[in-house]
**Student:** 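Structure below; questions to follow.
Chain letters run A, B, ... following the sequence lines, proteins first and then strands; every chain starts at 1.
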Protein chains: 2
Amino acid sequence: MASSLLTRQLAISLQQNLRLAAPGSRYVSKTATKTVSEFEYDAPSMKTAVPGPNTNHLQLYLSLGLQNVGAIHFFCNYEESRGNYLVDVDGNRMLDVYTQISSIPIGYNHPALIKVMTNPNNVSAFVNRPALGILPPENFPEKLFESLLSIAPSGMNRVQTMACGSCSNENAFKSMFIWYRNKERGYASPSEQEVGTCMINQSPGCPDLSILSFMGAFHGRTMGCLATTHSKAIHKLDIPSFDWPIAPFPKLQYPLEEFVRENAQEEARCLEEVEDLIVKWRQKRKPVAGIVIEPIQAEGGDNHASPDFFIKLRNIARKHGCAFHVDEVQTGGGTTGKFWAHEHWGLDDPADIVSFSKKLLTGGYYHRDELQPDKPYRIFNTWMGDPSKNLFLSEVLNVIRRENLLEEVTRSGKALLQGLYSLQTQYPHILSRARGQGTFCAIDACSDATRDSIMLKARNKGLFMGSCGEKTIRFRPALVFKEYHVHQLLNILNDILAEHK
Amino acid sequence: MASSLLTRQLAISLQQNLRLAAPGSRYVSKTATKTVSEFEYDAPSMKTAVPGPNTNHLQLYLSLGLQNVGAIHFFCNYEESRGNYLVDVDGNRMLDVYTQISSIPIGYNHPALIKVMTNPNNVSAFVNRPALGILPPENFPEKLFESLLSIAPSGMNRVQTMACGSCSNENAFKSMFIWYRNKERGYASPSEQEVGTCMINQSPGCPDLSILSFMGAFHGRTMGCLATTHSKAIHKLDIPSFDWPIAPFPKLQYPLEEFVRENAQEEARCLEEVEDLIVKWRQKRKPVAGIVIEPIQAEGGDNHASPDFFIKLRNIARKHGCAFHVDEVQTGGGTTGKFWAHEHWGLDDPADIVSFSKKLLTGGYYHRDELQPDKPYRIFNTWMGDPSKNLFLSEVLNVIRRENLLEEVTRSGKALLQGLYSLQTQYPHILSRARGQGTFCAIDACSDATRDSIMLKARNKGLFMGSCGEKTIRFRPALVFKEYHVHQLLNILNDILAEHK
C-alpha cells in the first residue's frame with residue numbers, strides 16, 4: 001500500500017548493488033547520491049484530524065492482542081515517511097521533532113541507510129544474529145573501530161555494546177559495583193563467604209552498595225535503573241526498589257546567561273547535598289559506588305546545569321572514591337551540536353562510564369580501562385547488542401561527517417532557540433523558560449493542560465512534538481533538521497499561539 | 001572474503017524479488033524453493049585447530065577496544081555458515097549444537113530468511129526502527145497476529161514485545177508487582193503517600209514485595225532478574241540484590257522413568273519448602289507477588305522436574321495469591337518437540353505469564369488479561385521490541401509448519417537421547433545422567449575437567465557443543481537438526497570417548 005515511490009528507489013539501489021558486488025570482493029560503500037533535503041518532502045500536508053479513522057481502526061485491532069495500546073499516538077506509514085517528515089496511515093504528513101523518542105538520527109528512509117540494507121554483503125549480519133560475547137563475526141572488530149570507537153569520548157578507549165538503554169545502564173551499574181568491590185578487596189580473590197552468600201542474595205557476596213542519582217532523573221525502567229529514575233510516579237509505583245541516595249538536581253533560571261549568580265548558588269546547594277548524602281550513606285553502611293547523571297535531564301523536564309556544576313560533581317566523585325557515570329542515552333549522538341553533550345563541559349577526562357543508545361541505534365557504554373571487569377562472563381548476556389545495528393551506525397556516522405551535520409545542528413539549534421525566545425516574549429502569559437543546546441531545546445507552557453492543548457493543535461497542523469516534565473514541550477528533531485524546518489515549526493507554533501485564548 | 005556462493009544465491013533471490021514486487025502491490029511470500037537439508041553442507045570439515053590463527057589475530061585486535069574478550073570461542077564466517085554448520089574464520093566447518101546459546105531457530109542463512117531480507121517491501125522495517133509503544137507501523141497488528149499471537153500458549157491472548165530475555169523478565173516481574181498491589185488496594189487509585197514515597201524509592205509506593213525463585217535458576221542478569229538467578233556465583237558476585245525467597249529445585253535421578261518414587265519424594269520436599277517460604281516471607285512483610293520457574297533449568301545444569309511437580313506448584317501459587325510465571329526464554333520455540341515446553345505438563349491453563357526470547361528472535365511475554373496494567377506507560381520503554389525481528393519470526397513459523405519441524409525435533413530428539421544412553425552404558429566411568437526432551441538434551445561428565453576436555457576435543461573434530469551447570473554438556477541444536485546430524489554427533493563423541501583415558 002502506498003509504497004510505489006520507495007519500491008522504485010529500492011529497485012534502482014538493488015540493481016546498482018548487484019553490479020558492484022563482484023563475487024569474492026568486498027563491497028565498498030559509495031557516497032550517497034542524495035542528501036536528505038533532496039530526498040524528502042518540502043512541507044507538512046494534512047488530510048484528517050490526528051488520530052484519523054485508519055489509526056482508530058488499527059488501534060482497536062491491536063487492542064485485541066497487545067498488552068496496552070493506551071500510549072499510541074497514531075499508526076505510521078514508515079514506507080512513505082522521508083527525512084524530517086513522518087507520514088501516518090491516514091495520509092497525514094507531519095514535521096516530526098520528536099523522532100521516535102529521540103531515536104532517529106538522520107531522518108526516515110535516508111538513502112544511505114537503504115543502501116546498507118540492500119547491499120548483499122550485509123545480508124548475513126541481519127539473518128544470523130550472533131552471540132557476540134562468544135562467537136563474534138569476522139568484521140566485528142573492524143566495524144566497532146569504524147563506528148563506536150571512532151566517536152569514543154576523550155579518555156575512553158573501551159566499549160561494551162548492549163541491546164537497549166536500560167540494559168546499558170544496568171550493566172554500567174554492575175561494572176561500577178564490581179570495580180568498587182575489587183578496590184575494597186585490594187584486588188584479591190573473593191572469599192568463600194562472598195561466593196557462598198552471593199548465591200542467596202545476601203551480603204557480603206551481594207553487598208549493600210548504592211548508586212547516587214538525582215531527583216528528576218530518568219535512567220531506564222528495569223529494576224536497577226528504575227532505582228535511579230525519579231521523573232514521574234507512574235514509572236515507579238508498586239515496584240520494589242533499593243534504599244539509594246537521591247540528591248536534588250539544580251533548579252535553574254533561564255536564560256542561563258542572565259541568572260549566573262542565582263544559578264551558581266543553587267548549584268552549590270545541590271553539590272553540598274551530594275557530599276552530605278555520600279557521607280550519610282557511608283555511615284548507613286550502604287556506600288555510594290557510583291554517581292549517575294544526565295548532562296541535561298530529559299524525561300524529567302529538560303533541566304540544564306552549568307559545566308562548572310558537572311566539573312565539581314566529577315571532583316566530588318573522585319574525592320569520595322565513587323565512579324562517575326554520564327548517561328548520554330538521550331543527549332548523545334550529536335543533537336546538542338557536539339557528539340557527546342558532556343563535551344560541552346570542557347574537561348579532557350570527564351567520566352568513568354558514558355552510556356548510550358537511541359540515536360546510536362545500538363545500546364552500550366564506554367568506560368575507562370580500570371572499569372573493565374577482572375573476569376569474563378561478569379558482564380555478559382546472550383546477544384550483547386546486535387551487529388546489524390553497528391552497520392547502520394557506521395553509515396550514520398559517514399553521513400554526519402559528509403554532510404557536516406553537527407555544524408548544521410548548531411546552526412538550526414540557534415535559530416530554534418532564538419525563535420522560542422521570540423515566541424515567549426510575544427506570548428509571555430503562555431510560554432516561558434525557553435532553553436536548549438543545539439536542537440535539544442525545550443519551552444514551558446503555563447500549565448500541563450495548555451501544553452497538551454498546544455501539542456494536539458500543532459499535530460493537527462502537521463507538527464509532531466514531544467512532552468516532558470510537568471508542562472514542558474521538548475524538541476528532539478533528527479540531525480537533518482535545517483533552518484528551513486525551524487521556520488516551518490515556528491510558523492505553526494505562532495499560528496496556534498495567536499489563536500490561543 | 002569467501003562470500004562468492006552466498007553472493008550468487010543472493011543475486012538470484014534479489015532479481016526474483018524485483019520482478020515479484022510490482023509497484024503498489026504487497027509482496028506475498030512464496031514457498032521457499034529449498035529446505036535447509038538441500039542448502040547446507042553434508043559434514044564437518046576441519047582445517048586448523050580451534051581457535052585457529054585468524055581467530056587469535058582478530059581476538060588480539062578486538063581486545064584493544066572491547067570491554068572483555070575472554071569469553072570468545074572463535075570468530076565466525078557467518079556468510080559461509082549454512083543450516084547446522086557454523087564456519088569459523090580459519091575455514092573450519094563445525095556441526096553446531098549450541099546455536100548461539102540456543103538462539104538460532106532454523107539454522108544459518110536459511111533461504112526463507114534471506115528472502116525476507118531481500119524483499120523490498122520489508123526494507124522500511126529495518127531502516128526505520130519505531131518507538132512501538134507510541135507510533136507502531138501500519139502492519140504491526142497483522143504481523144503480531146501472524147507471528148507471536150499465532151503461537152500463544154493456551155489461555156493467553158495478550159503479548160508484550162521486548163528487546164531481549166532480561167528485559168522480558170524484568171517487565172514480567174513488574175507486571176506481577178503491579179497486579180499484586182492493585183489487588184491489595186482493591187483496584188482503588190494509589191494514595192498520595194504511595195505516589196509521594198515511590199519517587200524516593202520508599203515503601204509503601206515502592207513496596208517490599210518479592211518474587212520466589214529456585215536454586216539453580218537462571219532468569220537473566222539485570223538487577224531484578226539477577227535477584228532470581230542462582231546458577232553460578234560469577235553472575236552475582238558484588239551486585240546488590242533483594243532479600244527474596246529461594247526454594248530448592250528438585251534434584252532428580254535419571255532416567256526419570258526408573259526413579260519415579262524417589263523423584264516424587266524429592267519433588268514433594270521442594271514443594272513443601274515453597275509453601276514454607278511463602279508463609280515465612282509473608283510474615284517478614286515481604287509477600288511473594290509471583291513465582292518464576294523454568295520448565296527445564298538450563299544454565300543451572302539441565303535440571304528436569306515432572307509435570308506433576310509443576311501442576312502442584314501452579315496450585316500453590318493460586319492458593320497463596322501469587323502470580324505464576326513460566327520463563328521459556330531457553331525452552332520455548334519448539335526445541336522440546338512442542339512449541340512451549342510447559343505444554344508437556346498437560347494443563348489447559350498453566351500460567352499467568354510466559355516469557356520468551358532467543359529462538360523467537362524478539363523478546364517478550366504473554367500474559368492473562370488480568371495481568372494487564374491498569375494504565376499506559378506503566379510497562380513501557382523507547383523501542384518495546386523491534387518489528388524487523390517479527391518479520392523474521394513470521395517466516396520462521398512458516399518454515400516450522402511447512403517442514404513439520406516439531407515432528408522432526410521429536411524424532412531427532414529420540415535418536416539423540418537413545419544415542420546418549422548407549423554412550424553412557426558404554427562409558428559409565430565418564431558419562432552419566434543422560435536426559436532430555438526433544439533435542440533439548442544433556443549428559444554429565446565425571447568432572448568439570450573431563451567435560452571441558454571432551455568439549456575441546458569435539459570442537460577440533462568439528463562438533464561445537466555448550467556446557468551448563470558444574471559438569472554438564474548441553475545440546476541445543478537448531479530445529480533443522482535431523483537424525484542424519486544426530487549420527488554425525490554420536491560418531492564424533494564416540495571417537496573421543498574411545499580415546500579418552
**Student:** Tell me, for Phe145(B) versus chain A, whether the close heavy atoms (under 4.5 Å) come from the side chain, the backbone, both or neither.
**Tutor:** side chain

**Student:** Indicate yes or no for a side-chain donor-acceptor contact from Arg158(B) to the backbone of Gly65(A) under 3.5 Å, with no hydrogens or angles considered.
**Tutor:**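 Side chain of Arg158(B) to backbone of Gly65(A), a donor-acceptor pair under 3.5 Å: no, none is there.
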
**Student:** Among Val195(B), Leu135(B), Asp243(B), which has the most heavy-atom pairs under 4.5 Å with chain A?
**Tutor:** Leu135(B)

**Student:** Between Thr99(A), Leu113(A), Thr197(A), Leu86(A), which has the largest tally of heavy atom pairs under 4.5 Å with chain B?
**Tutor:** Leu113(A)

**Student:** For Phe392(A), which atoms come within 4.5 Å of any heavy atom of chain B: side chain, backbone, both, or neither?
**Tutor:**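 Interface part for Phe392(A): side chain.
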
**Student:** Report which part of Leu144(B) has an atom under 4.5 Å of a heavy atom belonging to chain A: side chain, backbone, both, or neither.
**Tutor:** side chain

**Student:** Counting distance only, does the side-chain N/O of Asn381(B) pair as donor-acceptor with the main-chain N or O of Met384(B) below 3.5 Å?
**Tutor:**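 Pair found, side chain donor or acceptor close to backbone of Met384(B).
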
**Student:** Highest number of heavy-atom pairs under 4.5 Å with chain B: which of Ile72(A), Val127(A), Ile134(A)?
**Tutor:**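 Highest number of heavy-atom pairs under 4.5 Å: Ile134(A).
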
**Student:** Which heavy atom in Glu138(A) sits nearest to a heavy atom in Phe75(B), and how many Å separate them?
**Tutor:**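 For Glu138(A) versus Phe75(B), the nearest heavy atoms are CA-CD2, 4.4 Å.
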
**Student:** Is Val89(A) in contact with chain B via its backbone, its side chain, both, or neither, using a 4.5 Å heavy-atom distance?
**Tutor:** side chain

**Student:** For the interface with chain B, which of Thr55(A), Leu64(A), Asn54(A) has the highest count of heavy-atom pairs at distances below 4.5 Å?
**Tutor:**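 Option with the greatest count: Leu64(A).
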
**Student:** Does any N or O in the side chain of Asn128(A) come within less than 3.5 Å of the main-chain N or O of Tyr108(B), such that one atom is a donor and the other an acceptor?
**Tutor:** no

**Student:** Any idea which of Gly133(B), Pro136(B), Gly165(B) has the most non-hydrogen atom pairs under 4.5 angstrom with chain A?
**Tutor:** Pro136(B)

**Student:** Taking side chain as everything from C-beta outward and backbone as N, CA, C, O, which of these in Ser63(B) sits under 4.5 Å from a heavy atom of chain A? Side chain, backbone, both or neither.
**Tutor:**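 Just the backbone, heavy atoms under 4.5 Å.
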
**Student:** Heavy-atom distances under 4.5 Å only: say whether Phe380(B) touches chain A with side chain, backbone, both or neither.
**Tutor:**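 Both parts, backbone and side chain.
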
**Student:** Taking only Lys NZ, Arg NE, NH1 and NH2, and the carboxylate oxygens of Asp or Glu, determine whether Asp238(B) and Lys174(A) approach each other closer than 4.0 Å.
**Tutor:** no

**Student:** Please round to the nearest 0.5 Å and tell me the distance separating atom OG of Ser124(B) and atom CG of Asn77(A).
**Tutor:**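 Going from the OG atom of Ser124(B) to the CG atom of Asn77(A) covers 7.5 Å.
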
**Student:** Identify which of Val159(B), Ile246(B), Leu371(B) forms the greatest number of heavy-atom pairs closer than 4.5 Å to chain A.
**Tutor:** Val159(B)

**Student:** Top residue by heavy-atom pair count (under 4.5 Å) with chain A, among Pro190(B), Pro130(B), Gly224(B)?
**Tutor:** Pro130(B)

**Student:** When heavy-atom pairs shorter than 4.5 Å are enumerated against chain A, which of Leu361(B), Ile104(B), Asn171(B) gives the highest number?
**Tutor:**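 Max contact count across the listed options: Leu361(B).
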
**Student:** Is a side-chain N or O of Thr161(A) found less than 3.5 angstrom from the main chain of Gly364(A), in a donor-acceptor match?
**Tutor:** no

**Student:** Would you call the rings of Phe242(A) and Trp244(A) parallel, tilted or perpendicular if under 30° counts as parallel and over 60° as perpendicular?
**Tutor:**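 The rings of Phe242(A) and Trp244(A) lie parallel, inter-plane angle below 30°.
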
**Student:** Of the listed residues (Val329(A), Asp208(A), Ile178(A)), which shares the most heavy-atom pairs with chain B below a 4.5 Å separation?
**Tutor:** Ile178(A)

**Student:** Which answer fits Glu170(B), side chain, backbone, both or neither, if we ask what part of it has an atom under 4.5 Å from a heavy atom of chain A?
**Tutor:**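 Answer is side chain: those atoms of Glu170(B) sit under 4.5 Å from chain A.
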
**Student:** What residues form a salt bridge (charged side-chain N to carboxylate O under 4.0 Å, His left out) with Asp386(A), not counting sequence neighbours?
**Tutor:** Arg129(A), Lys389(B)

**Student:** What part of Tyr98(B) lies closer than 4.5 angstrom to a heavy atom of chain A: side chain, backbone, both or neither?
**Tutor:** side chain

**Student:** Go through the atoms of Glu184(A) and report whether side chain, backbone, both or neither lie under 4.5 Å from a heavy atom of chain B.
**Tutor:**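 Neither part, no heavy atoms under 4.5 Å.
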
**Student:** Name each donor-acceptor pair under 3.5 Å that joins a side chain in residues 230-237 of chain B to protein atoms two or more places apart or in another chain, with its distance.
**Tutor:**
unit_1, atom_1, unit_2, atom_2, d
His230(B), ND1, Met199(A), O, 2.9
His230(B), NE2, Ser213(B), OG, 2.8
Lys232(B), NZ, Glu299(B), OE2, 3.0
His235(B), ND1, Arg221(B), NH1, 3.3
His235(B), ND1, Arg221(B), NH2, 3.3
His235(B), NE2, Glu299(B), OE2, 2.8
Lys236(B), NZ, Asn201(A), OD1, 2.8
Lys236(B), NZ, Leu226(B), O, 2.7
Lys236(B), NZ, Thr229(B), O, 2.9

**Student:** Has Ser103(B) got a side-chain atom pairing as donor or acceptor with Lys358(B)'s backbone, closer than 3.5 angstrom?
**Tutor:** no

**Student:** Tell me, for Leu66(B) versus chain A, whether the close heavy atoms (under 4.5 Å) come from the side chain, the backbone, both or neither.
**Tutor:**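 For Leu66(B), the contact with chain A is made by backbone and side chain together.
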
**Student:** Is the backbone N or O of Asp88(A) less than 3.5 Å from a side-chain atom of Tyr78(A), with the two atoms forming a donor-acceptor pair by type?
**Tutor:** no

**Student:** Can you tell me which portion of Leu149(A) sits under 4.5 Å from chain B's heavy atoms? Options are side chain, backbone, both or neither.
**Tutor:** side chain

**Student:** Would you mind telling me which of Lys286(B), Gln59(B), Gln202(B), Arg185(B) has the largest number of heavy-atom pairs within less than 4.5 Å of chain A?
**Tutor:**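 So the answer, after comparing Lys286(B), Gln59(B), Gln202(B), Arg185(B), is Arg185(B).
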
**Student:** Can you name the closest pair of heavy atoms from His73(B) and Tyr377(A) and give their distance?
**Tutor:**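 Shortest heavy-atom contact: NE2-OH, 4.3 Å.
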
**Student:** Pick whichever of Val69(A), Asn68(A), Asn182(A) has the most heavy-atom pairs under 4.5 Å with chain B.
**Tutor:**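 Highest number of pairs under 4.5 Å: Asn68(A).
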
**Student:** Heavy-atom pairs under 4.5 Å with chain B - which of Pro207(A), Ser175(A), Gly70(A) has more of them than the others?
**Tutor:** Pro207(A)

